[in-house]
Structure formats: C-alpha cells, structure tokens
Amino acid sequence: MLTITNLHVRGGNREILRGINLSIDAGEVHAIMGPNGSGKSTLARVLAGHPEYEVTQGTVLYDGRDLLAMDPESRAREGVFMAFQYPVEIPGVNNAYFLKAALNALRKHRGLEELDAMEFMSLVRARMQMLDMDETLLTRPVNEGFSGGEKKRNEIFQMAVLEPRLAILDETDSGLDIDALKIVAAGVMTMRTPQRAILVVTHYQRLLNYIVPDFVHVLTDGRIVRSGGKELALELEEKGYGWLEADHVAGAPAGKA
Amino acid sequence: MTQVANAPDRYLEELERADAAWGRGAPAWLKRTRKDASGRFQSLGFPTTDDEEWRFTSVAPIAEATFALATDGRAALRSADLAPFRLTDLASAELVFVNGRYAADLSSVRPLPRGVRIESLASRLATNASEVEPFLTRVAPFERQPFTALNTALFGDGAFVHVAAKVALDAPIHVLFVSTADGRPTMTHPRVLVVAGESSQASIVESYVGPRGDRYFTNAVTEVVVSENASVDHYKLQRESLDAYHIGTMHLIGSRNARFQSHSVSFGGSLVRNDVIAVLDGEGIDCTLNGLYLGDGQRLVDNHTVIDHAKPHCGSREVYKGILADHARAVFNGKIIVRPDAQKTDAKQTNKALLLSEDAQINTKPQLEIFANDVKCTHGAAVGQMDDEAIFYLRARGLSHDEARNLLVHAFAGDVLNRMPLEALREHVEAVLLRQLPHATSLRTRP
C-alpha cells in the first residue's frame, strides 16, 4: 500500500529525514519509534502533506501512485489520515459541522451520497460511545478548550468516522493517562482490518502494549537504524535508545524494512 | 500630506439648483435648515487628512470628481437586477428607491399593524410634515460634519418609518437604495428617519446597492429615534458597486430603558466610510453596535463609531470585525464617551481584523473619553492572519483549500453574524460573504 524509498526531507533549513526506506502493506500495523528530534513526526507530517517540508530526494508510492504529488486534501480523500500530535484549535468552527464537512468531502470524492444530518448523527454517536467521549464535545468549537486527552481522543474519533485506509498516528499517546490510553488504543484496534494499514509513531513503548504492532522500526537521526518484530519495542524499553545510537555510530548496519 | 480642502464649484452649483428646486412646496423650517446646511457645507468644505476624524481616509476622489445629482434611473434598471438584493420574503415592507427616488411599483408593503407607517419621505413632506418636523435634521447635526451638511442640503427623498407607542412590528422593514451611474458618475443623498414610539418594537434593514462596475457616490444619512422602553434593531447592508463611493452616517438617540442594536455590514464600495453615532440619553439603555466588513483589491473601508453615554446605568456592547485581502485598507475608530453624569456605565468594545494578505492594512484606534469615576469600560483590538496550521488541519481532513479558508473566515465572522437576531438575514449575509470571498486572491496561504 505504501512504499517509501530513499526519502530525504528538509525542514527549517536542515535535513531531517536522510534516506527513509519503508514499506507497509494493507492489514499491517507498523510502529516507528525513536528519540526526540529523530524525525518521526516529520515523517508523519510529510506523508500527510504538510507544506513546511521540502522533499529533496526519494519517492513515496501510495497504491502505486505518487503520494508526494498530491495535495493534502487529495491524500485525505484517497484515504490517508494523520492523527495530529498537536491537534489545532479552531475557534468558531463547530466540531460536528467540521466533521460532517470532512466526511462529505470524502464521500463525494468516492462517488457516495452525502450523509444527511440524521445519518451523520447516528454514525457519530456510535463512534463517540466507542471512545467514551462526552457528546457535548460535538457542539464545541474544534479542539478549543479541550484538554490534552480530549484532543487526542477527538483525533481518533475523527479517524473512526472518516475510516481511512492508511492511518498515521503521530504521538497519539502523549498527554494521555493510562485509562484514556486504553480506550483510545481499543478504538484503534477495532479499526484494525485486513484492508487498512496503521502507522503508529511514538516515543514510548507503552502504547504498543495495547496497539500491538507487526513491525517496529527505530528511527534515529533521520534514518531507520533497526527494524524488527514487536519484541524490538520491548528491547528498546529495557535498554533505551542510547544503545542503538551507539550501535549506529559504530557503523552497525541499518535495518531495512 | 494634505489635500485640497474646499467645496468645489460643481457641488455649489448643485446646491444652488437644489435650493431652487426645493423652493416650492417645502415647509419653511426645512427650507431654512437646508439653507443653513448648504452654507455650512460651503464653509466646511470636504474634510482632509489633516482632520483627525479623516486622518487615514482621503476623500479626494469624491471631492475632485464630478458627480451630477442622479436623476430617475429606472429606465436603466431591470427588475432582475434587483433580485439578489431583495428581502421580499423576509420583510413586512420593502421600499425601493432608485437613484434616491421612491419607486412605488418596485416596492411592496404588506398589510401593517395599526400605528405603523412606512412611506417615502418626499411624499410625507409634501403632504403633512408636522410628524417629521420634531426629528428630521435634528437628530443628525451637521455643524461639523460636511457630508451630513451636504445630505441635508441636497436630499430629495428617502424613507420615513413611524411606529406608534406600544406597537410591535414582527417582520423587518426593508429600505433598498439602488444607485446606477446612468452613463456618467452620479450622486444621491438618501435620507432615512425612523421614529419608534414608547414601548414599541421594530427591525429595519437598510440596503445600499448598485450594479457591478458602476461609479457613483452615495451620501446617506439616517436618523433613528428610540423612545422610552422601545426596541429597535437596525441592519445596514452596504453592497454598493465595487467602484462606488459610499459615505453613510447614522445617528441614533435613545431614551430611558430603550434598547437598540446596530448591525453594519459593509461588503461593497471602493471608498467607504460608515459613521454610527449613538447617544444614550436616558438611564437603563442597552446599546449594541456590531460591524462586519470585507475589503479586497485597492478598496478602503472606514468605520467610525461613537457611543455617547450621557446618563447613568447604560450598557453598550460593540464588536467590529473585518476581513481584508489584497491591498485593501481599513480604518476602525471606536469612540466611547462617558459623561460626568453617566455613573455605572458598562461599556465593552472589541475590534478584530483578519488580514488575508501581507499587503492588506488596518488602522485601528479605540478612543475612550471617560469623565465619570464609577464605570466599567473595556476595549480590545486584535489583528491576525489566517492560521496556516488550521488550514492544513482542515485540508488534512479532506476539505479543499478554499473550503478550509471559507470555513475559517466564516468562523471569524461568526462572532458578529451570530449576534444578528434575524436568522434569515444572517443566512443571507453569510451567503453573500462566502460568495464574495473568492475575490480575495492574493492569499498568503495559497499553495
């Protein structure tokens, strides 16, 4: 579904990603772990089409199509979804209104009828229950005044409503207490289907207890330095990232996915 | 930099001609007032940027142009031209004025409650002026306001709305002023007088419109009298041609326990100045002044407001918001006066501008003149740009760039729009706003 080849990305006048290779198939859950500043979030944001980054080399194919040539809204309409690390507050825009506009933009693109208010509300209610969300969040402006946890939950809620094919979770676990983390993770797990791929970007292993990945990749300094199964996450938890960085500096071969 | 300050000869010629035309049949008091106003305009001349009240707004394009007093332009107007501006379904009465003259056949008045009168000011003056005499030209002073003086000297027609004591008019009254250039630049000086009797209630919508591309000058004056315990909601929809000049002055005076709201929407015109002056001349008045304006291209929109707290225990709320694109410029000047008598005043003013381009510009100035000591007055101003992260967030959920921008602009304007009590009118304004937005091209965030 997604094939990243030798991806180099500049942002803020420095090279952040320095040759990423990664391929993800439908039905798989991949986790990208790495220390702060390693480029994990940059990778997520580049895949979503954030304009502040410049791709200097490499390709990203999504279902065989050039993802990097698509604008952010086209990616979303084709089924790419990124749960933001820092969801944006949008005063004056009602959460339900926004989500309905987004859902109908996607449906229109897929040649489906737009949902009317009743159909939309019944879909939304079901998803909110799944994530144990307070329904009043619907009538509030998007993310405005939400707690950190509510913002993250709202992202996963949007994902549950928009039903992407490729879901990218950018540090969705940060700012969540353990109860919220379990609920959010359970919500993500219900979306794990053979048709859908999930890419989880996280600093901590904790989330991966609940969203169990098929593959784990370690990103340091803009490169994937090791790839493995879910046990790699446990190893990192035990030894920290320093072990790999040292390894990397020592010239150990970078894992290839 | 200063500009030529005078009243050019061609305006004086029009004044002489108007004087002669109004010589017959007009009430003596009005003839005297007009003569005074004419003299006043001649000595004041057009304001210049040396004048503090006009510091950022040069009216040179008006002063230096030749505008002929508009004649009946109905031949040039098709009924279909009016359709986008009509509020016929919404209004209990729709009075249409073409180039300043009442057009009965384009107007419609549904059966009105007893005690409500809506009619052409010219016909009222020609038949029985006694009802307008205590108010007309007395609410809007012209001693220091050249444009009001010019209007007073030259106005030919306009609307007169009178709501008797204890009468409540549910549906709004729409007064629609249409101007056409008539093949050459023309000017009109429309006049509106609204008198709401004790404990009465009314909503009035004034629209100023013109065909796209027409160059003309509208110089409107509105006088609103809100008697004791009466309630008036006033809406102004300024949707002039983008090549037109619009100067509009509204004076409101309220008595004890009156309640009034002014919602000023300014979307058209190349050079626009809106003045709203509210005098709170009784205790317990509740006053709301809201404004929403849109500028693009090289247009200039200037909003000046004055809230004069003359008596104790009055509250005023003011929110003005502007959206500026391209090289548009805006001015906001909000003066709040609290007289020595006006203890327990509670006044709050907010003005915000959203700049969609780096070349757009606003000069904003709150002006608080407080002479009482037990008052609560706050003001806040903010100028911001479109939030790129918010745009990206919305696009990442599948909204197009334009949809995302429209949603954010709509949200910005929502603050003002949501305060309009007339829902149907609010929706009308929202639709016009979003339709007009694509004109704003040089967006900073455009990919």
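Because the structure is a prediction, the values reported are computed rather than measured. Chain letters run A, B, ... following the sequence lines, proteins first, then strands; residues in each count from 1.
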Peer 1: Let me see the working for A:V142 and B:L394 under side-chain contact (heavy atoms from CB on, under 4.5 Å), right down to the final yes or no.
Peer 2: CA-CA 10 Å; A:V142 179; B:L394 296 169; 5.9 Å; no
Peer 1: I'd like to know whether OH of A:Y97 has more than 12 heavy-atom contacts from other residues, nucleotides or ligands below 6.0 angstrom.
Peer 2: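 Counting other residues, nucleotides and ligands, OH of A:Y97 stays at 12 neighbours or fewer.
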Peer 1: Run the ring-centre check on A:F84 versus B:F392 and record whether the distance is less than 6.0 Å.
Peer 2: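 They qualify: ring centres under 6.0 Å apart.
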Peer 1: Is chain B contacted by the side chain of A:E78, its backbone, both, or neither, given a heavy-atom distance below 4.5 Å?
Peer 2: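 For A:E78, no heavy atom lies under 4.5 Å from chain B.
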Peer 1: Heavy atoms under 4.5 Å from chain B: which residues of residues 69-76 of chain A carry them?
Peer 2: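 Near chain B, by residue number: A:D71, A:P72, A:E73, A:A76.
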Peer 1: Let me confirm one number: the OH-CD distance from B:Y393 to A:Q158, rounded to the nearest 0.5 Å.
Peer 2: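 B:Y393 atom OH to A:Q158 atom CD measures 3.5 Å (nearest 0.5 Å).
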Peer 1: Using 4.0 Å as the upper bound for N to carboxylate O, is an ion pair formed by A:R45 and B:E389?
Peer 2: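 Looking at B:E389 and A:R45, the cut-off is met.
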Peer 1: With a 4.5 angstrom heavy-atom cut-off, is it the side chain or the backbone of A:N143 that approaches chain B, or both, or neither?
Peer 2: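 The answer is the side chain of A:N143.
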Peer 1: Give the member of A:K108, A:H50, A:E52 that has the highest number of heavy-atom pairs under 4.5 Å with chain B.
Peer 2: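 The answer is A:H50.
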Peer 1: Can you see which heavy atom on A:A105 is nearest to which on B:G398, and at what distance?
Peer 2: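 Nearest heavy atoms, A:A105 then B:G398: CB-O, 3.4 Å.
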Peer 1: Hey, could you give me the OG/CZ distance between B:S400 and A:R77, rounded to the nearest 0.5 Å?
Peer 2: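 Answer for the OG-CZ pair, B:S400 versus A:R77, is 6.0 Å.
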Peer 1: Give a yes/no verdict on a cation-pi contact between B:R397 and A:F98, requiring under 6.0 Å between NZ or CZ and the six-membered ring centre and an angle within 45° of the axis.
Peer 2: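 Judged by the rule, B:R397 and A:F98 form no cation-pi pair.
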Peer 1: Give a yes or no on whether B:K321 atom NZ has more than 12 heavy-atom contacts from other residues, nucleotides or ligands under 6.0 Å away.
Peer 2: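 More than 12 within 6.0 Å, yes.
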Peer 1: Can you tell which part of A:P87 gets under 4.5 Å to a heavy atom of chain B, answering side chain, backbone, both or neither?
Peer 2: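 Backbone plus side chain of A:P87, per the 4.5 Å heavy-atom cut-off to chain B.
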Peer 1: For A:Y86, look at atom OH and say whether over 12 heavy atoms of other residues, nucleotides or ligands are found less than 6.0 Å away.
Peer 2: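 Incorrect, the count does not exceed 12.
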Peer 1: At a heavy-atom distance under 4.5 Å, which candidate from A:V80, A:L162, A:I90 has the highest pair count against chain B?
Peer 2: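 Between A:V80, A:L162, A:I90, the count favours A:I90.
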